[in-house]
Enquirer: 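Have a look at the structure that comes next, please.
All heavy atoms count here, side chains included; hydrogens, waters and symmetry mates do not. Just so we're on the same page: letters track the sequence lines, and every chain starts at 1.
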Amino acid sequence: MSEDNSPNTEYLDFQSTDVVALAKSLLGYRLCTRIGGQLTSGVIVETEAYRAPEDKASHAYGNRRTARTEVIFKAGGTSYIYLCYGIHHLFNIVSGPPETAHAILVRALEPDAGLTEMRLRRGEKISDKQLTNGPGKLCQALGIDRTLNGLSVNKSSGNPLWVEPYVQVPTDEIIKSKRVGIDYAEEWKEKLWRFHIHGNPYVSVI
DNA sequence: ACAATGATTGACT
DNA sequence: GTCAATCATTGTG
């Protein structure tokens, strides 16, 4: 993060029903894991909002309940982690009150702590930028997989994965754009529900 | 039981 | 720019 950003101490209310505003607010928060005693963390620089039941891009479109989507209906602040393309884990934070199937996909981080551990997981020769500049990459770097699905991301829960306030991102540095990789979502693919920090080198795609 | 597919990535032309 | 990897999940029979 740029050094002129001021600290942030405000915990987000993931029970809020405005998942789009939450996705925007989540920029500048820090995502952390402690696995095998090793702390790894990164600052969230890119997010997307998914708002079932009406959002055709959401796995829970039409309030579809399956074994996979069930955690999306849990209370805001629960982790939703799934496997994409048979290879990559993707990390989301469930939002809204119970039975409201909203979620925020975390798409990119700026590496913060545990870069050495991240390289053990991602590869020794991976550059800082390539460590966490994508939703699958950041999960690999932080050791996030399905064993962490359905957990509270509140720091006080004591879970091995959590989100905490870190820096404030000025509103005028936040870019909104169309979500990535949802060509099947018809009119919903036009929604400007992706948010990233302007000029941040760790964003997945510009 | 089976076939299609995906909120991606890395390798390659 | 193109394309294959690789498998849990899903819908269908």
Side-chain angles (χ1 to χ4, degrees), chain A residues 14 19-24 26-27 29 31 42 44-74 76 78-96 100-111 118-150 153 161 163 175-197 201-206:
Chain A
F14 289 111
V19 65
V20 177
L22 262 181
K24 183 176 177 179
L26 189 58
L27 297 175
Y29 281 67
L31 174 62
I44 296 170
V45 299
E46 181 181 344
T47 61
E48 286 178 358
Y50 287 84
R51 200 183 70 186
E54 64 272 29
D55 179 7
K56 287 181 180 172
S58 171
H59 293 159
Y61 170 60
N63 280 338
R64 196 161 54 100
R65 301 183 85 121
T66 65
R68 180 175 67 160
T69 64
E70 196 57 38
V71 297
I72 311 177
F73 293 85
K74 291 187 178 295
T78 302
S79 65
Y80 168 47
I81 300 159
Y82 72 97
L83 189 64
C84 189
Y85 295 97
I87 307 170
H88 309 288
H89 295 278
L90 271 68
F91 171 74
N92 302 249
I93 302 174
V94 173
S95 300
T100 301
H102 297 176
I104 304 164
L105 171 67
V106 178
R107 287 192 54 89
L109 304 176
E110 176 168 339
M118 291 186 199
R119 281 201 177 80
L120 291 178
R121 296 169 180 152
R122 291 270 302 131
E124 287 298 330
K125 296 175 181 175
I126 303 288
S127 66
D128 284 7
K129 174 176 170 154
Q130 292 286 320
L131 237 25
T132 54
N133 66 337
K137 295 175 186 178
L138 73 89
C139 284
Q140 187 180 19
L142 268 61
I144 295 172
D145 62 23
R146 300 256 323 194
T147 65
L148 301 175
N149 189 36
V153 302
L161 162 151
V163 172
I175 309 291
K176 61 182 178 182
S177 58
K178 294 179 188 177
R179 294 174 290 177
V180 176
I182 53 162
D183 287 346
Y184 56 85
E186 300 175 29
E187 71 271 26
W188 294 91
K189 70 173 185 265
E190 305 301 327
K191 296 285 183 189
L192 301 179
W193 287 355
R194 171 177 178 249
F195 301 96
H196 73 271
I197 300 176
Y202 299 91
V203 167
S204 66
V205 291
I206 305 301

Enquirer: Tell me the interatomic distance from A/H89, atom NE2, to B/dT9, atom C1', rounded to whole angstroms.
Expert: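 Roughly 14 Å, once rounded to whole Å.
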
Enquirer: For A/T69 and for A/I87, locate the closest nucleotide of DNA chain C by heavy-atom distance; then report the residue assigned to the nucleotide nearer the 5' terminus.
Expert: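 It is A/I87, whose closest nucleotide lies nearer the 5' terminus.
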
Enquirer: Compare all side-chain heavy atoms of A/E190 with those of A/K178 and state whether any distance is below 4.5 angstrom.
Expert: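 Yes; the side chains approach each other to less than 4.5 Å.
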
Enquirer: Any sub-3.5 Å donor-acceptor pair from A/T69's side-chain atoms to A/A60's backbone N or O?
Expert: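 Side chain of A/T69 to backbone of A/A60: no pair is present.
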
Enquirer: Would you mind reporting whether A/Y50 and A/I182 have side-chain heavy atoms less than 4.5 Å apart?
Expert: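 Side-chain contact under 4.5 Å: yes.
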
Enquirer: Measure CD/A/Q130 against P/B/dG10 and give the value in whole Å, please.
Expert: 7 Å

Enquirer: Just checking A/I182: base, sugar-phosphate only, or nothing, at a heavy-atom cut-off of under 4.0 Å?
Expert: sugar-phosphate

Enquirer: Report yes or no: does A/T47 contribute a side-chain atom to a donor-acceptor pair with the main-chain N or O of A/A23 at less than 3.5 Å?
Expert: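 Yes; at least one donor-acceptor contact below 3.5 Å.
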
Enquirer: Pick the closest DNA chain C nucleotide for A/R146 and for A/H88 by heavy atoms, then say which residue is nearer the 5' end.
Expert: A/H88

Enquirer: What is the distance from CZ of A/R107 to P of B/dA7, rounded to the nearest Å?
Expert: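 My rounded result for the distance is 11 Å.
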
Enquirer: Using a cut-off of less than 4.0 Å, is there contact between a side-chain N or O of A/R194 and OP1 or OP2 of B/dA7?
Expert: no

Enquirer: Does B/dG10 have its OP1 or OP2 closer than 4.0 Å to a side-chain nitrogen or oxygen of A/K137?
Expert: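 For B/dG10, OP1/OP2 do have a side-chain N/O of A/K137 under 4.0 Å.
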
Enquirer: To the nearest Å, how far apart are A/L105 CG and B/dG6 C1'?
Expert: 13 Å

Enquirer: Starting at CD of A/E190 and ending at C1' of B/dA7, how long is that distance when rounded to a whole Å?
Expert: 16 Å

Enquirer: Under 3.5 Å for both pairing distances: what stems, at least three Watson-Crick or G-U pairs long, include DNA chain C?
Expert: B:1-6 with C:7-12, B:8-12 with C:1-5

Enquirer: When the distance from OH of A/Y184 to C1' of B/dA4 is rounded to whole Å, what number comes out?
Expert: 15 Å

Enquirer: Donor-acceptor pair, A/E186 side chain versus A/K56 backbone, under 3.5 Å?
Expert: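 No, the answer is negative, given that no donor and acceptor are paired below the 3.5 Å cut-off.
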
Enquirer: Is the shortest side-chain heavy-atom distance between A/K137 and A/T132 below 4.5 Å?
Expert: no

Enquirer: Verify whether one side chain among A/R122 and A/Q140 offers a donor that lies under 3.5 Å from an acceptor in the other.
Expert: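 Yes, because at least one side-chain N or O of A/R122 sits under 3.5 Å from a partner of the opposite role on A/Q140.
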
Enquirer: 5'-most contact on DNA chain B: A/Q140 or A/A103, nearest heavy atom basis?
Expert: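 Residue closer to the 5' terminus by nearest nucleotide: A/A103.
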
Enquirer: Just how far, in rounded Å, is P of B/dA7 from NZ of A/K191?
Expert: 19 Å

Enquirer: Measure the shortest side-chain to side-chain distance between A/L26 and A/F14 over non-hydrogen atoms and say whether it is less than 4.5 angstrom.
Expert: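 Yes - at least one pair of side-chain heavy atoms lies under 4.5 Å apart.
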
Enquirer: Rounding to a whole Å, what distance do you find between A/R179:CZ and B/dA7:P?
Expert: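 So the CZ-P distance, A/R179 to B/dA7, works out to 11 Å.
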
Enquirer: For DNA chain C, which nucleotides open and close the run of contacts to chain A, 5' to 3', at under 4.0 angstrom from a non-hydrogen atom?
Expert: C/dA5 to C/dG11

Enquirer: Exactly one of A/R64, A/R179, A/K191 should register a salt bridge (Lys or Arg N to Asp or Glu O under 4.0 Å) with A/D55. Which one does?
Expert: A/R179

Enquirer: Tell me whether the rings of A/Y80 and A/H59 are parallel (<30°), tilted (30 to 60°) or perpendicular (>60°).
Expert: perpendicular

Enquirer: What contact category does A/S204 fall into here, base, sugar-phosphate, or nothing, at under 4.0 angstrom with non-hydrogen atoms?
Expert: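 Nothing: the residue A/S204, judged by heavy atoms under 4.0 Å, touches no strand.
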
